[in-house]
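This structure is a prediction, so every number in the text was calculated from the model and none was measured. A note on names: the letters A, B, ... follow the listed sequences, proteins ahead of strands, and every chain is numbered from 1.
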Number of protein chains: 2
Amino acid sequence: MVYLLRKRGAWWQDRFHDIGARITAPREIVIAVLQETDDHMSASDVYIRAHKINPSIGLTTVYRTLDMLTQLGIVQKFDFGDGKARFELVNNPGGKKHHHHLICMNCKTIVDYTEFLDEELEFINKTQEKLSKKYNFKITDHAISFYGYCDQCR
Amino acid sequence: MVYLLRKRGAWWQDRFHDIGARITAPREIVIAVLQETDDHMSASDVYIRAHKINPSIGLTTVYRTLDMLTQLGIVQKFDFGDGKARFELVNNPGGKKHHHHLICMNCKTIVDYTEFLDEELEFINKTQEKLSKKYNFKITDHAISFYGYCDQCR
DNA sequence: CCTTTATTGAAAATGATTTTCATTATCAAT
DNA sequence: ATTGATAATGAAAATCATTTTCAATAAAGG
């Protein structure tokens, strides 16, 4: 079964060319996996799914690819406090929109919320501008998280 | 040399009594260490300093204490992406005020900024209230972080 | 000063992530 | 299309932060 056809010019491939990175089957698969799930997946979550598509893929490569995508800003890496990093596509086309997180410190449930985001982002942008000026940072991303206890755990 | 005298009623001791936790030398030391440094310290950073004060303290206990303090909301735990958790006193009396972070993704430099905080916090509080109502969360904390590249690394 | 039991520390275990290195595969140049 | 330089891969080993285990210790109420 063919899961992936080499579509020249897919949104992410240009980025790869720019930095001289090769377009390989494992990389295509990892990106495909990220695209087909909105959830925050750990490296091994990604590995398991990738492995189903092509059993020859290695966990190491999944880590490496996730890392590379994070560097490129294509993927955002999170730590929700359960000992493993979580990954999400930024601007998943046709997927989940940018969002912020609400984290239950007991059961580690994550709520992605998008409410109030417009106001929040407007606010963030202003702050970002001021900060990048003052500290001479090139700011590329942000994260807002609320911590507490969910309905069950409170 | 005596570094710590048991001051009955120190701000954190009441909290300990409330939950039936004992006030022990290792715990006093860990808190003292956190108080005397404003920085975001890893567990082993804390361990090293604690160890200087009292070499009998164990790394395990540092982890346990840090964990407990985090549960109690006395300490906030962060992940800045370098593989180890970082800890900071919340509301360090006479120490650093509440702040948000600006993180260089290349060299991992952390800037604590407090500018624009008043506005930011006002905003956060409103959002927090709406979120906790909507999702029935008991929100106890938040974190705002900006990611990018610092002056040197950009 | 006892007694109960939370706490401790050392060592071992765990588990996520990284490194190593020999093999394979991409892709620019032919 | 073929080739060759070298980027990328995967398996296994190595790291390293954090946890668990368990016997010894110490806090604090009586």
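- A distance of 11.0 Å separates CZ in R22(A) from NE2 in H17(A), rounded to the nearest 0.5 Å.
- Summarising the geometry, atom CG belonging to L102(A) is positioned 5.5 Å from atom CG belonging to L131(B); distances are rounded to the nearest 0.5 Å.
- Spacing between atom CD1 of I57(A) and atom C1' of dT24(C) amounts to 15 Å, rounded to whole angstrom units.
- The nearest whole Å value for the distance from the CE atom in M41(A) to the P atom in dA16(C) is 16 Å.
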Polar atom pairs between nucleotides 5-8 of chain D and protein, under 3.5 Å, N or O only, would you list them?
| unit_1 | atom_1 | unit_2 | atom_2 | d |
| --- | --- | --- | --- | --- |
| dT6(D) | O2 | R22(A) | NH1 | 3.4 |
| dT6(D) | O2 | R22(A) | NH2 | 3.3 |
| dA7(D) | O4' | R22(A) | NH1 | 3.4 |
| dA7(D) | O4' | R22(A) | NH2 | 3.2 |
| dA7(D) | N3 | R22(A) | NH1 | 3.1 |
| dA8(D) | OP1 | R22(A) | N | 3.2 |
| dA8(D) | OP1 | R27(A) | NH1 | 2.9 |
| dA8(D) | OP1 | R27(A) | NH2 | 3.3 |

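- In this structure, the ring of F137(A) has its center no less than 6.0 angstrom from the ring center of Y135(A).
- When the P atom of dA26(D) is taken as reference, atom CD1 of I29(B) falls 13 Å away, rounded to whole Å.
- Remark: aromatic rings of H142(A) and H100(B) are distant, center separation not under 6.0 Å.
- The distance from atom CG of N54(B) to atom P of dT7(C) is 18 Å, rounded to the nearest whole Å.
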Applying salt bridge (charged side-chain N to carboxylate O under 4.0 Å, His left out) to E129(B) and K134(B), what does each step give before you reach the verdict?
CA-CA 9 Å; E129(B) 198 173 327; K134(B) 167 143 189 181; over 6 Å; no
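- The number of heavy-atom neighbours closer than 6.0 Å to CD of E115(B), taken from other residues, nucleotides and ligands shown, is above 12.
- Within 6.0 Å of CG on D18(A) lie more than 12 heavy atoms contributed by other residues, nucleotides or ligands.
- With ring centers used as reference points, H40(A) lies 6.0 Å or more from F87(A).
- Looking only at side-chain heavy atoms (C-beta outward), W11(A) and I74(A) come within less than 4.5 Å of each other.
- Between H99(B) and Y113(B), the gap from one ring centroid to the other reaches at least 6.0 Å.
- In this structure, I19(B) places its CD1 atom 12 Å from P of dA6(C), rounding to the nearest Å.
- The distance from atom CG of D18(A) to atom P of dC27(C) is 14 Å, rounded to the nearest whole Å.
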Sub-3.5 Å pairs of nitrogen or oxygen atoms, protein against nucleotides 16-19 of chain D:
| unit_1 | atom_1 | unit_2 | atom_2 | d |
| --- | --- | --- | --- | --- |
| dT18(D) | OP1 | A85(B) | N | 2.8 |
| dT18(D) | OP2 | Y63(B) | OH | 2.5 |
| dT18(D) | O5' | Y63(B) | OH | 3.3 |

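- We find that OH of Y47(A) is positioned 13 Å from P of dA16(C), with the value rounded to whole Å.
- Overall, the helix from dC1(C)-dG30(D) to dT30(C)-dA1(D) carries an axis bend of 40° between its ends, with five pairs at each end and the value rounded to 10°.
- Defined by atom type and a distance below 3.5 Å, a donor-acceptor pair is present between the side-chain atoms of S56(B) and N54(B).
- Rounded to a whole Å, the CG atom of D45(A) is 15 Å from the C1' atom of dT17(C).
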